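Below: one structure, written as structure tokens.
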Amino acid sequence: MITAETKVKTHPLMIFKFTRRYVFILLLPLVRSILNYGVTGALSRLVIMESLLAFLILVVSVMRWLSFSVVFRDDCIIVDSGVLVRRHAVMPLEKISISYTERNLLLGFFGAVAARIDTDSGFRKKADFEIYFSRKAARVYETLIQPENSGVLSYHSKLSMGIVMALANASAFTGLIVLAPAINRAGEILGDRINSGLRDTISFATALIGTIVPPAATVIAIIFVAGFAVSFLLTFIRYIPFRLLESDNKITAEHGFIARHRAVINRESINAVVINMPPVMRVLGFCWVGISAAGYGKKREESEVVLPAVNLRQANDFQLGIFDISSEDEFDLTCPRRMLKRAVFMPLMLIAVSIAAELVLMAIFNAFSGMIALIMSFIQIVLLYLLSVRIYHQNHGGVTISDGVIMRSYKRLTIKKMRVKKDKTCMLKVSQGPLERRYGACKLAVTVRAEQPITLKATNLDKNETDRLIKRYFKA
């Protein structure tokens, strides 16, 4: 319950927040002193001095935590901090662009909730305030920002949609990064038993399908499949279940199975709404939608997933609900048909080169022909998909302007559609390379204002038409 003024103390985990940059200084003396004491039976002066320094840092961090307080009012949040230099920050509620809270198993063990408060003037890749609240204080904070279950439930993810989202965003390399320490640790605990068991499993799988795929390729495939499976599971439990609630001035996204995440986004702070179609989602006929909000520095592009897996019609309807850009005095710029040959030239050339390289390598390294064929086939599939993306961009890409900008393009292998209001657009940039000048073509990049600006670029546009678009846009 919020009174006219509710003052709360932060959780003791704030001490860890203040000391985490000095963890190396805190742990090194302890490790060295233990090792030194075990060898010589005495503590050196250096270890004692380092321990005193670590103790001093810990004392200062405790003092910073004791002096850190948060006051909730009906119209603002006040944060007081500092030991020697006192700081008094006042944030009006309507100026908070995103409020982000997280509950996970580790925080739950200590009875804490992590909170991030971002405003339009936030730092790049850094929140205005990162605070650990107790569960009770976190409930007060979330009720102040946006009461639970307030607004209309506009999206609730199904199990199948979570699988699609996980398939589209899982990475074998990410999974291997998570999996490798666990395997190493298990090997240390269980010794040779797990190593021999792992070897037996790989040997059995290799013998089972060795007549089709070379053994070395099978081992590589098993490793990458294991990494992908781990990454898939992590992504799945991150986004399932997922709920999106909408009110007149706020959008609330809640997701996570083990770690619960809640992001409350101020509609006035939304810079852009971007529809993303990664390869897997495009094949399955789905996409995901992200919102870029001012000051949200948690991720590289300051975006939050609000629709993890929807069809294109639902995504377009959501975009229109956020930015209903008028179609009056509309100017639409698309890729001219004459640019089709130029768009497909590079992918076709790379496919031809990969086929020639495959034949040469198989002739030179005949013993590894199966592995070479497997690797090159994967590369050719990626290149064929790139060719399809280029053709899609040629047929559907471009820019539409009126009182805002609608950008249809792609980045890497992901097809994107960005919708942004005119006052949120900070730059339209035209560029031409030597070959583009020859064909009368150009690239147009639209940059959305943010602490970490978002830029989407359309290629193979007609230069004269693009110049007309720029003049008309800024004249309007």
Side-chain angles (χ1 to χ4, degrees), residues 1-23 57-148 250 252-256 259-266 269 293-299 302 304 451:
M1 181 178 177
I2 302 173
T3 60
E5 182 173 300
T6 304
K7 185 175 182 178
V8 298
K9 289 296 295 181
T10 55
H11 195 275
L13 277 182
M14 289 292 289
I15 300 172
F16 170 75
K17 175 184 178 298
F18 294 134
T19 57
R20 63 188 176 191
R21 70 178 65 181
Y22 307 110
V23 166
I57 293 172
L58 186 61
V59 169
V60 171
S61 298
V62 171
M63 293 175 64
R64 290 180 65 185
W65 167 61
L66 292 173
S67 63
F68 195 102
S69 64
V70 181
V71 177
F72 298 133
R73 290 184 179 175
D74 295 335
D75 58 345
C76 67
I77 295 176
I78 302 172
V79 179
D80 292 311
S81 61
V83 179
L84 297 178
V85 179
R86 295 292 295 167
R87 299 176 182 86
H88 182 77
V90 180
M91 292 175 289
L93 294 183
E94 66 270 14
K95 297 299 181 182
I96 296 176
S97 56
I98 287 192
S99 162
Y100 185 88
T101 53
E102 179 181 357
R103 294 170 169 84
N104 56 41
L105 293 179
L106 182 61
L107 292 173
F109 177 78
F110 292 102
V113 177
R116 297 171 53 92
I117 306 175
D118 289 284
T119 64
D120 291 1
S121 59
F123 301 99
R124 180 179 176 180
K125 295 186 180 182
K126 185 179 180 182
D128 289 305
F129 288 100
E130 294 182 13
I131 304 172
Y132 290 109
F133 288 119
S134 65
R135 291 193 184 99
K136 182 178 179 181
R139 284 194 294 269
V140 175
Y141 167 68
E142 290 177 327
T143 303
L144 176 66
I145 298 296
Q146 183 79 339
E148 190 174 358
K250 298 286 179 65
T252 304
E254 301 174 348
H255 59 90
R260 293 292 298 163
H261 305 265
R262 184 176 191 256
V264 180
I265 307 165
N266 189 342
S269 299
Y296 184 54
K298 183 175 176 58
K299 300 177 183 177
E302 297 185 329
E304 174 69 22
E451 283 67 37

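These numbers were taken from a predicted model, which means no experiment stands behind them. Only this structure's heavy atoms are used, side chains among them; waters, hydrogens and symmetry mates stay out.
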Contacts of T101 meeting side-chain contact (heavy atoms from CB on, under 4.5 Å) (sequence neighbours excluded), chain-then-number -> R103, V113, A115, Y141, E142, R262
Rounded to the nearest 0.5 Å, how far does CD1 of I265 lie from CD1 of I98? 4.5 Å
With rounding to the nearest 0.5 angstrom, report the CZ to CD1 distance, F72 to I78. 11.0 Å
Donor-acceptor pairs are to be reported for all side-chain atoms of residues 82-92 against protein atoms at under 3.5 Å, with residues two or more places apart or in another chain.
unit_1 : atom_1 : unit_2 : atom_2 : d
R86    : NH1    : S67    : O      : 3.1
R86    : NH1    : G82    : O      : 2.5
H88    : ND1    : D80    : OD1    : 2.5

So, do F18 and F68 sit near enough that their side-chain heavy atoms are less than 4.5 Å apart? yes
Gap separating the CZ atom of R20 from the CG atom of L13, nearest 0.5 angstrom: 10.5 Å
So H261 and H255, would you call those rings parallel, tilted or perpendicular, with 30° and 60° as cut-offs? parallel
Heavy atoms from other residues, nucleotides or ligands near NZ of K95 exceed 12 (cutoff 6.0 Å): no
Do L58 and I15 come within less than 4.5 Å of each other through their side chains, counting heavy atoms only? yes
Of the non-hydrogen atoms in F133 and A138, which two are nearest, and what is the gap between them? CB-N, 3.8 Å
Quick one: side-chain hydrogen bond (donor to acceptor under 3.5 Å, both in side chains) partners of S269, sequence neighbours excluded? D120
T10: side-chain hydrogen bond (donor to acceptor under 3.5 Å, both in side chains) partners, not counting sequence neighbours: W65
Check for a donor-acceptor pair, side chain of R64 on one end and backbone N or O of V60 on the other, with a separation under 3.5 Å. no
Is there a side chain to side chain contact (heavy atoms under 4.5 Å, CB included) between I117 and I145 once you walk through the steps? CA-CA 10 Å; I117 306 175; I145 298 296; over 6 Å; no
With a 4.5 Å heavy-atom cut-off, do I96 and V264 have their side chains touching? no
K9 meets the side-chain contact (heavy atoms from CB on, under 4.5 Å) criterion, sequence neighbours left out, with none
H11: what forms a ring pair (Phe, Tyr, Trp, His ring centres under 6.0 Å) with it, not counting sequence neighbours? none
With a 4.5 Å heavy-atom cut-off, do Y132 and L107 have their side chains touching? yes
How about M63 and V59: do any of their side-chain heavy atoms sit closer than 4.5 Å? yes
CD/E5 to CG/D74 distance, rounded to the nearest 0.5 angstrom? 10.0 Å
Using 0.5 Å steps for rounding, measure from the CG atom of L144 to the CG atom of D75. 9.0 Å
To the nearest 0.5 Å, what is the distance between CG on N266 and CG on D118? 12.0 Å
